[in-house]
Protein chains: 2
Amino acid sequence: MLRLSKKSEYALMAVQYIASCDGRVVSAKEIAEKYAISFEFVSKALQALMRRKFIASQQGAGGGYIMLRDPKTLSVAEILEAVEGKQRLVECCGEGGAGACSMHGRCTIRTPLAIIQRRLDAVLQSMTVAQMAFPDDNLEQYVVISQLTGSLEASFSN
Amino acid sequence: MLRLSKKSEYALMAVQYIASCDGRVVSAKEIAEKYAISFEFVSKALQALMRRKFIASQQGAGGGYIMLRDPKTLSVAEILEAVEGKQRLVECCGEGGAGACSMHGRCTIRTPLAIIQRRLDAVLQSMTVAQMAFPDDNLEQYVVISQLTGSLEASFSN
DNA sequence: TGGATTCAGGACTGAAAAAGTCGTATATTT
DNA sequence: AAATATACGACTTTTTCAGTCCTGAATCCA
Ligand code: SF4
Ligand code: SF4
């Protein structure tokens, strides 16, 4: 219940690869072969990324995909939302707010879960496609984050 | 794909309620009625919590459940793991490590995902049952956390 | 012009997981 | 003994996931 779907995994692989090919047009076929995954299925993920204008598509022979958004400002959270839709921990912190769930009157875990939701969102927004594609450029940022989460753990896990 | 299962939601409700009843024995029936959820189903969650010794069970008339672990040291992460088993974002950061997935040779998103996994774990460990059951006692901790995640967002979302 | 290549997207299918139910056994109180 | 409660495995139903298939449209090249 906190597992990435295959479609999401494939989307992350694909966008990471396209970003790393910086400027070159890369086809769905090439991606499917590189990672040995289903061509039709990864195509679905690519189409979703195209609809959000994260990548541009070029039809016809020699066509494929190319990065449109700057990888440095494109977060994992945005990729996941593009392929899965806005995913919330529980029904009530989605579209309709508290009214979305029929038992919102009785429920007493809504507020703490909303807090956790915000923290989870922050984590998914904390990694960019650029950091996935060019890890060597970003080592110092990894360190900073692990220090932050370290102090976060130390304060509240006991 | 980042949604809590109903079983997990029920487990959180149940343990929050038992903790808030501090010392009193509370039956599965009472919990099911309070939240208007399936008695049999919430019982499964309670049994999982009992197996991990988070709560103790008392059979027979007048029986039920009572808190065993200190709510202040019991995190949401532990509750979720008790009812769902250890859940990882992707196969490869579970039991068998990198070897668990057949495509670990080709895969290039393993390392970034492992980093995200650690951060997600930290978030789930950052909230305790006590904080869910007695939110008024813990306001200052919420503030501290939101400052931490705030700086986390500010550093990396753009 | 026409065939090869590549993306776009809807319909469909099989497998797996989630959600919930049922039945029986066991422990405890009255 | 009767009533109340938990323990737990088996089972069913519903929903989601993962993948396939097919038709259509854009583009390139000979
Ligand atoms: S209101 Fe409570 S039961 Fe309904 S979705 Fe939100 S957390 Fe879950
Ligand atoms: S190795 Fe890659 S493909 Fe396999 S589970 Fe890990 S992230 Fe997913």
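Everything numeric in this text was worked out from a predicted model, so none of it was measured.
Note on B:Asp121 versus B:Arg88: salt bridge recorded, some NZ/NE/NH1/NH2 to OD/OE distance being below 4.0 Å.
Between the side chain of B:Gln59 and the base of D:dT6 there is at least one donor-acceptor pair of N/O atoms closer than 3.5 Å. Applying the 3.5 Å distance criterion, the base of C:dG20 shares no donor-acceptor pair with the side chain of B:Lys7.
Taking the six-membered ring wherever Trp is involved, the centroid distance between the rings of A:Phe41 and A:Tyr10 falls below 6.0 Å.
Per the geometry, NZ belonging to A:Lys6 stands 13 Å off P belonging to D:dT20, to the nearest Å. What separates CD of A:Glu84 from P of D:dA18 is a distance of 8 Å, to the nearest Å. Whole-Å rounding puts the B:Ile37 CD1 to C:dA19 P distance at 12 Å. Between the CZ atom of B:Phe39 and the P atom of D:dT6 there is a distance of 5 Å, given to the nearest Å. Nucleotide C:dA15 holds its C1' atom 13 Å from the CZ atom of A:Phe41, rounded to whole Å. Protein atom NZ of A:Lys29 is 14 Å distant from nucleotide atom C1' of C:dC7, rounded to whole Å. At whole-Å resolution of the value, CD in B:Glu9 and C1' in C:dA19 are 12 Å apart. Remark: C1' of C:dT6 and CD of A:Gln47 are 11 Å apart, rounded to the nearest angstrom.
Not a single donor-acceptor pair under 3.5 Å links the side chain of A:Gln58 to the backbone N or O of A:Gly64.
Comparing D:dA18, D:dT20, C:dA8 by their closest approach to the side chain of A:Met50 singles out C:dA8. Here D:dG9 is the nucleotide among C:dG9, D:dG9, D:dT27 with the atom lying nearest to any side-chain atom of B:Lys44. Of the candidate nucleotides C:dC7, C:dA11, D:dT6, D:dT6 has the atom nearest to the side chain of B:Ala28. Distances were taken from every side-chain heavy atom of B:Ser27 (C-beta onward) to each of C:dG9, D:dA5, D:dC8; the shortest belongs to D:dA5.
Contact annotation: B:Ser43 does not reach the phosphate of D:dA7 (side-chain N/O to OP1 or OP2, under 4.0 Å). Taking side-chain N and O atoms only, A:Arg3 has no distance below 4.0 Å to OP1 or OP2 of C:dA17. In terms of phosphate contacts, B:Ser57 brings no side-chain nitrogen or oxygen within less than 4.0 Å of OP1 or OP2 of D:dA5. One finds a side-chain N or O of A:Ser38 lying less than 4.0 angstrom from the OP1 or OP2 phosphate oxygen of D:dT20. At the phosphate of C:dA19, neither OP1 nor OP2 sits under 4.0 Å from any side-chain N or O atom of B:Tyr10.
Checked against side chain to side chain contact (heavy atoms under 4.5 Å, CB included), B:Asp70 has the following partners two or more places apart in sequence or in another chain: B:Lys72, B:Thr73.
Position along DNA chain D of the nearest nucleotide to A:Ser8 versus A:Gly60 favours A:Ser8 as the more 5'-ward residue. Each of B:Gln87 and B:Glu40 was assigned the nucleotide of DNA chain C with the nearest heavy atom; the assignment lying further toward the 5' end belongs to B:Gln87.
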Let me have the donor-acceptor pairs involving side chains of residues 22-30 of chain A, under 3.5 Å, with sequence neighbours excluded, atom names and distances please.
from, atom 1, to, atom 2, distance (Å)
A:Arg24, NH2, A:Glu30, OE1, 2.7
A:Arg24, NH2, A:Glu30, OE2, 2.4
A:Ser27, OG, A:Glu30, N, 3.1
A:Glu30, OE2, A:Tyr17, OH, 2.6

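When each of B:Arg52, B:Arg69, B:Lys86 is checked for a salt bridge (Lys or Arg N to Asp or Glu O under 4.0 Å) with B:Glu78, only B:Arg69 meets the rule.
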